[in-house]
Chemist: 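My questions all concern the structure below.
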Amino acid sequence: MEKKITIIGGGNLGQSIVNGLLNNNYKPSLITITRNKVELLNDFKARNVTVLSNNSDAVKEAQIIIIAVKPHSIEKIINEINPFLNSETIFISVVSGYSLTNIKDLLNNNVTNIFRAMPNTATEVLESMTCISHTETSQTEATETVTSIFDTLGETTLINEELMDAATVLGACGIAYALRFIRAMMQGGIEIGFDAKTANLIATQTVKGASELLIKNQNHPEAEIDKVTTPKGCTIAGLNEMENKGFSAALIKGIKTSYNKLD
């Protein structure tokens, strides 16, 4: 039987999760989402998702609760909903920088199935990369339930919690890095003669194809790069120029800077 899910926090990530569930044919009647400005969730209401501003009302009948709010709000919200949680509750936080220990200290002692998950906004198109960690007290059945939810939204992997900040940067911030790369490809395409629409099509499909090559062939990126870098060719000339300008170094430094910002 499908469980009732409440997403507390109807911002970009919370909405992406709901869209992903709906796009994977999860019953709208089993989904609730909250936000102070409920009028911003009218599209969901029109699709028969329950939309509320009161978090306590939203969790009363939910078996699964996903907290998708800003870090500064999580303590207030947990204190607000705590009286309505029980031993059957599966509690999932997608809040960055807030540990399982901190969450456990705040929660009703009856709640033992506590998880952190870090999806990205590609949940909306069922292509998220979601990293999941859990407390030692979480039941195997609950872990399977949480994994199955996020499996419907893309790919999942279980990780140790100490890697969750790194997962936030590589998987969630990584969407922005990849999009900025695609934008640069488009700009380069326009420079060499394409209109913006055609440059967008070529760049996005090329990046999609490159990802599929790695996923399906299970190769290191350099193995696929070697296939298109002929001696004295245009590909190696372009790659060498990018590296001379610090392409890889800049990306690695950006990832490390984002990671250090979470401290």
Side-chain angles (χ1 to χ4, degrees), residues 5-21 33-36 40-41 55 58-59 64-82 85 89-107 111 113-136 138 142-143 146-147 149-180 251-263:
I5 298 178
T6 290
I7 294 92
I8 295 180
N12 291 333
L13 184 53
Q15 290 186 46
S16 293
I17 293 170
V18 175
N19 274 318
L21 291 169
I33 184 169
T34 72
R35 184 168 181 157
N36 289 331
L40 297 177
L41 302 175
N55 295 321
V59 302
I64 300 170
I65 297 167
I66 300 176
I67 304 290
V69 298
K70 300 294 184 185
H72 66 81
S73 301
I74 189 171
E75 291 187 21
K76 173 180 176 292
I77 287 170
I78 289 178
N79 290 331
E80 185 181 346
I81 66 175
N82 236 339
L85 310 182
T89 302
I90 296 175
F91 186 95
I92 308 167
S93 168
V94 297
V95 179
S96 63
Y98 209 86
S99 72
L100 288 168
T101 299
N102 289 338
I103 294 168
K104 187 176 181 180
D105 288 344
L106 289 171
L107 281 172
V111 182
N113 294 315
I114 306 168
F115 295 80
R116 287 183 67 190
M118 185 45 60
N120 57 40
T121 53
T123 53
E124 189 169 337
V125 291
L126 309 182
E127 290 291 351
S128 177
M129 180 64 245
T130 303
C131 296
I132 300 168
S133 60
H134 57 82
T135 58
E136 292 180 0
S138 299
T143 302
V146 173
T147 301
I149 290 170
F150 289 101
D151 275 342
T152 67
L153 306 178
E155 296 289 333
T156 61
T157 187
L158 292 171
I159 64 171
N160 294 328
E161 193 194 6
E162 57 263 29
L163 288 171
M164 192 56 78
D165 283 351
T168 301
V169 172
L170 200 59
C173 301
I175 286 280
Y177 308 149
L179 291 172
R180 182 58 61 87
L251 180 55
I252 294 166
K253 187 175 181 180
I255 290 170
K256 292 172 69 176
T257 299
S258 291
Y259 179 77
N260 291 334
K261 185 71 174 178
L262 293 175
D263 290 342

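Numbers here are sequence positions counted from 1. Everything quoted here is computed from the prediction, not taken from an experiment.
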Chemist: As an exercise, state the distance from OG1 of Thr135 to CZ of Phe91, rounded to the nearest 0.5 Å.
Modeler: 11.5 Å
Chemist: Any donor and acceptor pair, going by atom type alone, linking the side chain of Asn82 with main-chain N or O of Leu106 inside 3.5 Å?
Modeler: yes
Chemist: Out of curiosity, Ile7 CD1 to Ile66 CD1, how far, rounded to the nearest 0.5 Å?
Modeler: 5.0 Å
Chemist: Can you tell me how far apart CD1 (Ile90) and NE2 (His134) are? Round to the nearest 0.5 Å.
Modeler: 12.5 Å
Chemist: Quick one, Gln15 and Thr121 - any side-chain contact, counting heavy atoms below 4.5 Å?
Modeler: no
Chemist: What's the shortest heavy-atom distance between Met118 and Ala172, and which atoms?
Modeler: SD-CB, 3.9 Å
Chemist: Return the OG to CE distance between Ser93 and Met164, rounded to the nearest 0.5 Å.
Modeler: 9.0 Å
Chemist: Donor-acceptor pairs are to be reported for all side-chain atoms of residues 67-81 against protein atoms at under 3.5 Å, with residues two or more places apart or in another chain.
Modeler:
residue	atom	partner	partner atom	Å
Glu75	OE2	Tyr98	OH	2.9
Asn79	ND2	Glu75	O	3.2

Chemist: Quick check: are there more than 12 heavy atoms from other residues, nucleotides or ligands sitting under 6.0 Å from CG of Asp105?
Modeler: yes
Chemist: Side-chain polar contacts of residues 150-158 - donor-acceptor pairs under 3.5 angstrom, sequence neighbours left out - could you list them?
Modeler:
residue	atom	partner	partner atom	Å
Asp151	OD1	Thr156	OG1	2.6
Thr152	OG1	Ile149	O	2.5

Chemist: Do side-chain atoms of Ser16 reach the backbone of Glu124 as a donor and acceptor pair under 3.5 angstrom?
Modeler: no
Chemist: Please report the shortest heavy-atom distance between Leu41 and Arg35, naming the atom on each side.
Modeler: CD1-CB, 3.5 Å
Chemist: Indicate yes or no for a side-chain donor-acceptor contact from Asn160 to the backbone of Glu162 under 3.5 Å, with no hydrogens or angles considered.
Modeler: no
Chemist: Quick check against the 3.5 Å criterion: does Ser138 have a side-chain atom that pairs as donor or acceptor with the backbone of Ile114?
Modeler: yes
Chemist: Can you name the closest pair of heavy atoms from Ala58 and Thr6 and give their distance?
Modeler: O-OG1, 2.6 Å
Chemist: Run the side-chain contact (heavy atoms from CB on, under 4.5 Å) test against Ile255 and tell me which residues pass, sequence neighbours left out.
Modeler: Val169, Leu170, Tyr177, Leu251
Chemist: Supply the atom-to-atom distance Thr123 OG1 to Asn120 CG, rounded to the nearest 0.5 angstrom.
Modeler: 7.0 Å
Chemist: Closest approach of Ile92 and Ala117, non-hydrogen atoms and distance?
Modeler: CG2-CB, 3.9 Å
Chemist: Quick check: do Thr89 and Asn113 have side-chain heavy atoms less than 4.5 Å from each other?
Modeler: no
Chemist: Which atom names give the shortest non-hydrogen contact between Glu161 and Ser99, and what distance separates them?
Modeler: OE2-CA, 3.2 Å
Chemist: For a 4.5 angstrom cut-off between non-hydrogen side-chain atoms, does Lys253 reach Thr257?
Modeler: yes
Chemist: Treating Thr34 as the side-chain partner and Asn55 as the backbone partner, does any N or O pair qualify as donor plus acceptor under 3.5 Å?
Modeler: no
Chemist: With rounding to the nearest 0.5 Å, note down the distance linking CZ in Arg116 to OG in Ser133.
Modeler: 5.5 Å
